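See below for the structure under consideration.
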Amino acid sequence: MDSLTHNDRKKGIVLSSKVLLSRNLSDLPFPNKLNYIKGRDNGKNIYNVLKNELVDEELTLYEIWNINEEIGKQYLERDLITEELMKNSDKSSFILNKEENVSIMINEKDHINLQCISQGLNLENAFETAIKIDDKIEHNFDYAFDENLGYLTSSPENIGTGMKAVVVLHLPALTMSEEIKNISKSLSKAGFNIRGLYLDGAKVYGNIYKIINKVSLGLTEEDIINKLKQEVLNIIKEENKFREILLSKCKYELEDKVYRSYGILRSAVLLDYKETIELISNVRLGIELSLMEIDQNSLDKLFMLINDSSLQNYLGRYLDAKEIKFERARLVNRVLC
Amino acid sequence: MLCEKCKKNEAKVNLITVINREKHEIWLCENCAKDISNVPFLSSIGQNGELPFQGMLTEILSSVGSKVNVNNTNNVNEIVCPNCGLTYDEFKKTGRLGCSDCYAAFKVVLEPRIKSLQAGVKHVGKIPHMKGQEIIRRRKLKDLKSEMQQLIVTEEYERAAVVRDEIKKLELYILESNVKNKTVRVKEENCDGQFDS
């Protein structure tokens, strides 16, 4: 098993795995019907309990009504919180650990939306962490739970386990061959959704996708995770198959695309966000196909660092549209050198 | 008591109507009750022709029981959660429920939806430890009760008595733990009050 995850990480098709748990407290209405006074207390109460239970994680509480909007946006663009949470700004908060691989949103769709992230294809690890934290919360608060319906969530689509398992994948070959449409259909039949991570309207760019389970009732958490893993392994196989075809049929075009993208990233003076994501995806494909030697981790970090809010936060000041493009190019240059 | 309408026969039906929160009560005899056509469940009886009183009563009872369903399927729009006040319209717009009681209030709407979306209708995953124990105890109580019934039917009274004692013990335990929970909650509420002031 270790060799498998290690291999996958090396091949780099899987960027990360996530497990999300939705929970509600039994004695309060769900966030959409909750007044802000009780809502704010919710965040504080949960934080106070977890802070003592999980001392090692060095948790921090961010109260949306107290923090700068830009800080919130930065976490939003890194997928640690959601737009929904930002919308409930009068009563929502979130808790992050030191490594920022655990995020607990309070009063998003549900009272508690716990998210645990691990690198590569490692759903078990993320699940284990999530359950550990879930147990700690449960020990101190009474969850809304029904014998038949399981954990009661604000959206009836999540009842039962209240769990969403997510795997983030880099699938350039399946995208280029448009095979992704067929994959999407077969996934849907098996009870999973596939969505683009970067969207321009409805169009996916950057070749990065996340696969999520649709079914949450009638299966155990382990079943869902195992089924998802099986689907992901199949998709990896398909992606590799199409990469082989690409390499054998249009090797020069592919190499040109990779090196050209690298060239632009290295020497551009102004870089647009969407363009940069696409170029990084091309370079990443180059690394995965062993066409070039760059540290994949630092490249993956770039995905997170180049959005507007992160750049502004990194430099500690407001930037206008042109400045952002300039600073983005500078940062990319520095990381790739 | 005489029927308040014809004032001839003995009143057997107490008809209570609530319109715009105003309660009207009237005692009627069988015949007059049948004649009232503006009451939906009574008019349906009229259509079924002559019915003996006993049949009529069951008809009323069953139609009152099923009336909730009729209401829910035909007028789902009118469902409102008694706990949080969520209306069906709100739910339709957002796809979100307002509290855990909504699952009971909107059961007619949710049940088919859940059936079509999910792999099953019964939760098989993780159970919270605290609540889990309560559920297990309740299940055991149910099993014991049916076991006792079985033993009584087969006239094994001595064994039935043993089971009865077990049931008593379990019931007492559940009762006590409920009381304990309640006192904890009351204490919490008191604390809240202090903080507020």
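Bear in mind that the values here come from a model prediction, so they are computed numbers and not experimental data.
Using modelled atom types, no side-chain atom of B:Q118 and backbone atom of A:G218 make a donor-acceptor pair closer than 3.5 Å.
For B:R113, the part sitting under 4.5 Å from any heavy atom of chain A is the side chain, from C-beta outward, and nothing else. Residue A:E222: no heavy atom, backbone or side chain, is found under 4.5 Å from chain B. Only the side chain of B:F91 comes within less than 4.5 Å of a heavy atom in chain A; its backbone stays farther off. Of the atoms belonging to A:D223, not a single heavy atom falls under 4.5 Å from chain B. At a 4.5 Å heavy-atom cutoff, the contact between B:L117 and chain A is made by backbone and side-chain atoms alike. Contacts between A:I159 and chain B at a heavy-atom distance below 4.5 Å involve backbone atoms as well as side-chain atoms. There is no contact between A:N24 and chain B, counting heavy-atom distances below 4.5 Å.
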request  = Begin with the C-alpha distance, continue with both residues' side-chain angles, and end with the deciding distance and a verdict on side chain to side chain contact (heavy atoms under 4.5 Å, CB included) for B:K126 and A:L21.
outcome  = CA-CA 11 Å; B:K126 191 183 182 225; A:L21 296 178; over 6 Å; no
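Going from atom CD1 of B:I114 over to atom CG of A:L149 covers 5.0 Å, rounded to the nearest 0.5 Å. Taken to the nearest 0.5 Å, the NZ atom of A:K109 stands 13.0 Å off from the CG atom of B:L97. Distance OG/B:S100 to CG/A:L28: 9.0 Å, rounded to 0.5 Å. Atoms CG and SG, from A:N32 and B:C84 in turn, are 7.5 Å apart once rounded to the nearest 0.5 Å. The distance from atom CZ of A:F145 to atom NE2 of B:H123, rounded to the nearest 0.5 Å, is 4.0 Å.
For the set A:L217, A:L152, A:N148, A:D135, the count of heavy-atom pairs under 4.5 angstrom toward chain B peaks at A:L217. Options B:C102, B:A119, B:C81 differ in how many heavy-atom pairs under 4.5 Å they form with chain A, and the most are formed by B:A119. Contact count against chain B (heavy-atom pairs under 4.5 Å) is highest for A:D134 among A:D134, A:I37, A:D146, A:L34. Note on A:I131, A:I224, A:T153: by heavy-atom pairs under 4.5 Å with chain B, the leading option is A:T153. Listed options B:D101, B:N83, B:L110, B:V121 were ranked by heavy-atom pairs under 4.5 angstrom with chain A; first place goes to B:V121. Of the listed residues (A:P31, A:G162, A:S155), the greatest number of heavy-atom pairs within a distance under 4.5 Å of chain B belongs to A:S155.
A 4.5 Å side-chain heavy-atom check between B:L86 and A:F30 finds every atom pair outside the cut-off.
Within 6.0 Å of the NZ atom in B:K122, the count of heavy atoms belonging to other residues, nucleotides or ligands exceeds 12. A 6.0 Å sphere centred on CD of A:E84 holds more than 12 heavy atoms belonging to other residues, nucleotides or ligands. Annotation for A:E147: atom CD counts as buried by contact number, over 12 foreign heavy atoms lying within 6.0 Å. Other residues, nucleotides and ligands place more than 12 heavy atoms under 6.0 Å from the NZ atom of A:K44. Sparse packing is recorded around NZ of A:K38, with 12 or fewer heavy atoms of other residues, nucleotides or ligands lying under 6.0 Å away.
Under 4.0 Å is where a charged nitrogen must lie from a carboxylate oxygen, and between B:R96 and A:E157 no such pair does.
Of all heavy-atom pairs between B:Y103 and A:P156, the closest is OH-CA, 3.6 Å.
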